There are 2 protein chains.
Amino acid sequence: MTTKTKHHHGDLKNALVKAGLALLDEEGLEGLSLRKCAAKAGVSHAAPAHHFGNLAGLKGAIGFEVFTIFSKYMQDAAAREGDSDIARLKGICRGYVQFGIDHKSWLDVMFGIAPAEIAKLRGDLGDSNSYQVLRQACAPFVPEGVEPHIVEFQVWSLIHGYTQLFLSGRLNQGEVTQIDDGPFDQVMALLDRLAPS
Amino acid sequence: MTTKTKHHHGDLKNALVKAGLALLDEEGLEGLSLRKCAAKAGVSHAAPAHHFGNLAGLKGAIGFEVFTIFSKYMQDAAAREGDSDIARLKGICRGYVQFGIDHKSWLDVMFGIAPAEIAKLRGDLGDSNSYQVLRQACAPFVPEGVEPHIVEFQVWSLIHGYTQLFLSGRLNQGEVTQIDDGPFDQVMALLDRLAPS
DNA sequence: ATCGTATCTTTACAGTGTAAAGTTTGCATT
DNA sequence: AATGCAAACTTTACACTGTAAAGATACGAT
């Protein structure tokens, strides 16, 4: 446990990001503020500026943290569904929705950041882990002579759109607390037709 | 032209919504504020409260206005692409992306509102125009004995996800100023396989 | 002409982001 | 151990924003 002296928190950068994640779960995107993060981390409101510059910088750091957590989450989802190629792909899609259910506002922050900014933090956009999970899961469905990202973009568009519409209650009545398996499977049936038969 | 007396704008509700739409195009979602809308409409910062209650209420009204404009836009897109069922469906999808390119922040406001709120303003969710356009365009692709909304949700998920990812620069490099026809057609090729063959 | 309600304006306050000046601490150097 | 510098904060200040309350003006009904 880091010892905090009067002017030296010790691990404030991390603490602020963690505070941000907690606030997002507690109060949503609109409840996230620089001062609340600072208060939660036990420092004055101006302390974050030294590490992040401003609120946009802090959001960038939070978004990147979500990116990292999400990547690991998707890797686990892929590893869990090993039965077949299509089961793995659908398992990843299900994981995408589940992550959104568990942390809707985290996704909002992550997708509110320009990809160039995540790339800057990541150092290599093309090797981003969650995208790599998608790429590997889609690989079996890419017809010969076809650019892999065509199928990747089809899948990503479908699942991202479904997640956004479902989480915002546009595909269903009532509060979203879990995946509606029936409707989910029905929409994801389109994944059975990724490659022309 | 409405004559504005000292304490009576005449059509402030409309003016504030219009001001909001303009601000969204000029400064994006983060540049939208109650005070800026009021200033643009030529009234004091507290005037909107009488009509909308608060900022959330004003956003709701702006979102509903976008909903109305978008519905007409989609109706026009559907009418324009009359060649075949699939051409019409793809034309609507293309219109969805184009609308987002033209007014990204308008979509952000519209999708930031709970559908129950739009329903309250609309009076009948199931009859919402843009959804009706989607429904009619999807109808030819619904297999016998299948619930229509399954295909509708597949199409909506795909095009909504594509629009969001494309507009935020996750599917392409550089600034988004127009639809990339090649990539768009490649992703929308999935629409050719809506019904099992 | 009068009255009540609608439609504003003005004043005030809390929360927020950012900036600048100041203080404290850790670490490197001597 | 002493010193100095930069890092890592705190404090103070200000502008912007949302909201609320009190007050002023205007419209429409009677």
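In what follows, chains carry the letters A, B, and so on, assigned in the order in which the sequence lines appear, proteins first and then strands, with residues in each chain numbered from 1. The structure displayed is predicted, hence computed values, not measured ones.
Distance, A/L16 CG to C/dG17 P: 12 Å, rounded to whole Å. We find that CZ of B/R35 is positioned 15 Å from C1' of C/dG17, with the value rounded to whole Å. Between the C1' atom of D/dA20 and the CG atom of B/L55 lies a distance of 15 Å, rounded to the nearest Å. To the nearest angstrom, P of C/dG15 lies 17 Å from CG of A/L32. In this entry the distance linking CZ of B/F52 with P of C/dT7 reads 11 Å, nearest Å. What separates CD of B/E30 from C1' of C/dG17 is a distance of 12 Å, to the nearest Å. At whole-Å resolution of the value, NZ in A/K40 and C1' in C/dT16 are 18 Å apart.
Every residue meeting the side-chain contact (heavy atoms from CB on, under 4.5 Å) condition with A/F64, not counting sequence neighbours, appears here in chain and number order: A/F67, A/T68, A/I118, A/L121, A/R122.
Comment: A/K104 engages A/D108 in a salt bridge, judged by a side-chain N to carboxylate O separation of less than 4.0 angstrom. Between A/K59 and A/E117 there is no salt bridge, since none of the side-chain N atoms of the basic residue sits less than 4.0 Å from a carboxylate O of the acidic one.
Nearest nucleotide to the B/N54 side chain, out of D/dT17, C/dT16, D/dT19: D/dT19.
By the 6.0 Å contact criterion, NZ on A/K13 is open, its count of non-hydrogen atoms from other residues, nucleotides or ligands being 12 or less.
Exactly one residue among B/D192, B/D85, B/D83 makes a side-chain hydrogen bond (donor to acceptor under 3.5 Å, both in side chains) with B/K90. That residue is B/D192.
Between the CG atom of A/L24 and the CD1 atom of A/I62 there is a distance of 6.0 Å, given to the nearest 0.5 Å.
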Checklist outcome for this item: For nucleotides 1-10 of chain D, 5' to 3', base contacts (B), sugar-phosphate-only contacts (S) and non-contacts (-) with protein non-hydrogen atoms under 4.0 Å give ------SBBB

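Aromatic ring pairs are classed by plane angle as parallel below 30°, tilted from 30° to 60° and perpendicular above 60°; the pair A/W156 and A/F153 is tilted.
Nearest heavy atom pair, residue B/V43 against residue B/H9, reads CG1-CD2, 4.2 Å.
One axis for each end of the helix from C/dA1-D/dT30 to C/dT30-D/dA1, each built from five base pairs, and the angle between them comes to 10° at 10° resolution.
Put simply, the side chain of A/Y162 does not reach to within 4.5 Å of the side chain of B/L158, judged on heavy atoms.
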